[in-house]
Amino acid sequence: MTSEEQNRRADDRLPVLWHGTIITVDDRSVPCRVLDVSLAGTYIECALTVRLGEELILIIPELGEFAGEVQWMRNGSFGLALAAGPDLLLKKIAEDDETYPGLAGVRTEKDDPAP
């Protein structure tokens with residue numbers, strides 16, 4: 001990946017710290033943390049073994065339910081591409097701390113486990 005691609009990728013993401021729940025197709029429920037959001041997906045930390053392409057539901061109590069598909073995975077975290085939900089633009093919600101003041105928990109660089 002070129003430095004330009006890395007910069008563009010970093011610019012497309014907004015760090016957050018939201019607590020939620022992942023629901024699997026066989027109705028298992030596992031707590032998770034959403035660590036960043038982009039226009040099309042989320043970076044999730046969760047004690048759940050997932051497979052590429054697996055379909056999951058992300059529930060964020062303050063926002064609703066979001067259907068998605070696992071795009072990548074790494075040591076207890078994965079990327080979930082959002083397919084459906086009340087508002088696919090979670091990044092816009094994360095940016096709007098006046099409307100959603102309880103969701104404005106932005107992480108610091110030292111807390112960021114992402115490469």
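Every value quoted in this text rests on a predicted model; they were computed, and no experiment measured them.
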How long is the gap from [atom1] on [X] to [atom2] on [Y], to the nearest 0.5 Å?
X     : Y     : atom1 : atom2 : result
Gln71 : Glu54 : CD    : CD    : 12.5 Å
Glu45 : Arg74 : CD    : CZ    : 11.0 Å
Cys46 : Ile22 : SG    : CD1   : 5.5 Å
Glu65 : Leu63 : CD    : CG    : 12.0 Å
Leu14 : Asp36 : CG    : CG    : 8.0 Å

**Message:** I need the single residue from Leu80, Thr49, Leu52, Leu48 that forms a side chain to side chain contact (heavy atoms under 4.5 Å, CB included) with Met73. Which is it?
**Reply:** Leu52
Would you say that [X] contacts [Y] through its side chain, given a criterion of any heavy-atom pair below 4.5 Å between the two side chains?
X     : Y     : value
Leu58 : Cys32 : yes
Arg33 : Leu17 : yes
Leu35 : Ile44 : no
Ser77 : Trp72 : yes
Phe66 : Thr42 : no

**Item:** Residues in side-chain hydrogen bond (donor to acceptor under 3.5 Å, both in side chains) contact with Arg28, at least two apart in sequence or another chain
**Value:** Asp26
**Item:** Steps toward side-chain contact (heavy atoms from CB on, under 4.5 Å) verdict (Leu56, Ile23)
**Value:** CA-CA 6 Å; Leu56 303 170; Ile23 307 294; over 6 Å; no
**Prompt:** Shared ILVMFWY cluster between Val70 and Val34, side chains joined below 4.5 angstrom?
**Reply:**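 Linked, Val70 and Val34 end up in one cluster.
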**Prompt:** Are Ile60 and Leu82 linked, directly or through other ILVMFWY residues, by side chains that come within less than 4.5 angstrom of each other?
**Reply:** yes
**Prompt:** side-chain contact (heavy atoms from CB on, under 4.5 Å) between Tyr43 and Val37: does it pass, once the steps are laid out?
**Reply:** CA-CA 6 Å; Tyr43 171 30; Val37 295; over 6 Å; no
**Residue pair His19 / Pro61: nearest heavy atoms and the distance that separates them** =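 Scanning both residues completely, I find the closest heavy atoms to be O-CD, 3.6 Å.
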**Item:** Val30 to Ala47 - nearest heavy-atom pair and separation
**Value:**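 Minimum heavy-atom contact is CG1-O, 3.8 Å.
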**Message:** Which residues pass the salt bridge (Lys or Arg N to Asp or Glu O under 4.0 Å) test with Glu55, not counting sequence neighbours?
**Reply:** none
**Partners passing salt bridge (Lys or Arg N to Asp or Glu O under 4.0 Å) against Asp27 (at least two apart in sequence or in another chain)** = none
